[in-house]
Amino acid sequence: MRTDRIFARLDREPEPPKIEIPRMSRHRVVLFGATMAFYLAIVVAVLASSWLVELDWKVMLYRPYEQWPQLHAFLDYFVVLGQRGPTAVMVMAWLGWRSWRQHTLRPLLTLGAALLLLNMTVGAVKLGLGRLGPHYATHIGSAELFAGGDIFPSGHTANAVVTWGILAYLATTPRARRWLSVISAMVALGVGATTVYLGTHWVSDVLLGWAAGLLILLALPWVEPLIARAEAFVFAVRERMREKVRERRRTRGAGVAVPVPAPAAPAMVPQRGHDADDVPVREPVGAAAGGRGSGRPLPARPHQPARSERPAVLPPGTRRSPHTERAPRTAPARPLGG
């Protein structure tokens, strides 16, 4: 297997690819209508406390988590695939890379629109019906509606259908769409069954959650024009910001340069001709202050000979020996008279 092909598929495409956006076909409209009918049938069956509510109680009293306790540890982690926070982060990371690679914001905007619809529709029904969960039920056989709960429909199940099903909806090839549809369906079915096993939801909660998530996926083509407008608006804002940045750079590059002061030129002293009168006369040291000269004469100082240069002082009338450097001879000693 060559790795260059793998890395080539990870690189950014040179230009946005042509992606076929799903349309609201007749087949899709039929599926949407059938799913909506199923959705309403479940709500009516729970409101009427029909056989569906009896099934809910039978499964709850059976306590599947006590029948197969060895599965409890694994399913505690598996059910996280239906929680909105972790799944949204994982799918958003994948779709963010898709958006960067294909030069489009459609994957991220589609995910945001689907999650927004999910929160609005599922949240409204939960708060409106106010059903209590199996762990908080008080009357055996009752539907536990309008009791301040928020369990119907199952949010984990609906979120699993939408979050993982959006990958199949945004697939670019028919083969990838088929495989992702099968994988997302298995994950959604598993998450719903896990909530029933753990005793956190009724069976009717899971059925309504599957229907609610499927309705959102089927209705996404109706939201595609709004997604396209939002993408065009975001790109237009980005282009305006880029144009402003480029304009600032051009303004800075073509701005008036600040004048730099030129260095001061050295003072030019006029050159005078050398005349005979301009030649300074050297004066001997000790000359009078009023003598000639261009500057002020130094004061005369008497010559101070060194000590070795001073002549020996002799008494008057004596004659200086011609060899002054020789030491004088001493007179011979006279014998003492006796």
Side-chain angles (χ1 to χ4, degrees), residues 35 38-39 41-43 45-47 49-91 114-115 117-145 147-167 182-217:
T35 307
F38 180 74
Y39 186 95
I42 295 174
V43 174
V46 173
L47 289 173
S49 297
S50 64
W51 60 270
L52 187 57
V53 177
E54 295 178 4
L55 178 63
D56 290 341
W57 278 98
K58 288 180 180 179
V59 174
M60 193 274 287
L61 295 176
Y62 184 70
R63 292 182 175 84
Y65 55 88
E66 293 182 357
Q67 303 298 326
W68 300 284
Q70 63 275 11
L71 301 177
H72 201 288
F74 169 74
L75 294 179
D76 274 339
Y77 291 100
F78 179 77
V79 78
V80 177
L81 295 178
Q83 290 184 359
R84 188 168 295 112
T87 56
V89 171
M90 289 187 289
V91 175
L115 293 180
L117 291 174
L118 175 67
N119 292 333
M120 293 174 59
T121 56
V122 174
V125 176
K126 278 187 174 186
L127 297 178
L129 296 178
R131 191 181 190 187
L132 294 176
H135 291 309
Y136 302 97
T138 55
H139 299 85
I140 297 177
S142 66
E144 301 292 338
L145 293 172
D150 57 351
I151 208 72
F152 182 71
S154 171
H156 275 69
T157 305
N159 183 74
V161 174
V162 172
T163 305
W164 301 110
I166 204 73
L167 299 179
V182 172
I183 294 174
S184 60
M186 294 177 61
V187 173
L189 292 173
V191 169
T194 301
T195 58
V196 175
Y197 168 86
L198 296 175
T200 57
H201 279 286
W202 307 99
V203 175
S204 56
D205 297 343
V206 175
L207 295 176
L208 196 64
W210 284 332
L214 186 58
L215 284 175
I216 293 174
L217 290 179

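Atom set for the values below is all heavy atoms of this structure, side chains included, hydrogens, waters and symmetry mates excluded. Residues: numbered from 1 along the sequence shown.
- Environment of NE2 in His135: crowded, with over 12 heavy atoms of neighbouring residues, nucleotides or ligands closer than 6.0 Å.
- Between Val161 and Trp210, the shortest heavy-atom contact is CG2-CD1, 3.8 Å.
- The shortest distance between side-chain heavy atoms of Asn159 and Leu115 falls below 4.5 Å.
- The minimum heavy-atom distance between Pro134 and Met60, with the atom names listed, is CB-CG, 3.4 Å.
- Not a single donor-acceptor pair under 3.5 Å links the side chain of Ser154 to the backbone N or O of Val206.
- Contact check on Asp150 versus Arg131 returns no salt bridge, with no Lys/Arg side-chain nitrogen under 4.0 Å from an Asp/Glu carboxylate oxygen.
- Annotation: Met90, atom CE; neighbour count of heavy atoms from other residues, nucleotides and ligands within 6.0 Å is above 12.
- Judged by distance alone, the side chain of Glu144 and the main-chain N or O of Gly133 form no donor-acceptor pair under 3.5 Å.
- Below 30°, between 30° and 60°, or above 60°: for His72 and Tyr65 the angle between ring planes is above 60°, a perpendicular geometry.
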Worksheet item: Would Asp205 and Thr195 count as a side-chain hydrogen bond (donor to acceptor under 3.5 Å, both in side chains) if you check the C-alpha gap in whole Å, the side-chain angles of each, and the deciding distance to 0.1 Å?
Response: CA-CA 9 Å; Asp205 297 343; Thr195 58; over 6 Å; no
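- Here the OG1-CG distance, from Thr194 to Leu81, works out to 9.0 Å after rounding to the nearest 0.5 Å.
- A distance of 4.5 Å separates CG in Leu118 from CD1 in Ile216, rounded to the nearest 0.5 Å.
- The line from CG of Leu55 to CG of Leu207 is 8.5 Å long, rounded to the nearest 0.5 Å.
- Residues Tyr39 and Val125 have side chains in contact (heavy-atom distance under 4.5 Å, counting atoms from C-beta outward).
- In this structure, the side chains of Ile151 and Lys126 stay at 4.5 Å or more apart for every pair of heavy atoms.
- Shortest non-hydrogen contact noted between Ala158 and Ala212 is CB-CB, 4.4 Å.
- To the nearest 0.5 angstrom, Ile140 atom CD1 is 5.5 Å from Trp57 atom CH2.
- Atoms OG and CG, from Ser184 and Leu189 in turn, are 9.5 Å apart once rounded to the nearest 0.5 Å.
- Pairing each heavy atom of Thr121 with each of Leu117, the nearest pair is OG1-O, 2.7 Å.
- Put simply, the side chain of Gln67 gets close to the backbone of Tyr62: a donor and an acceptor are under 3.5 Å apart.
- Going from atom CG of Leu52 over to atom CG of Leu208 covers 9.5 Å, rounded to the nearest 0.5 Å.
- In terms of heavy atoms, Val162 sits closest to Ala114 at CG1-CB, 3.8 Å.
- Between the Trp202 side chain and the Leu132 main chain, a donor and an acceptor come within less than 3.5 Å of each other.
- Minimum heavy-atom separation, Ala188 to Ala160: CA-CB, 4.0 Å.
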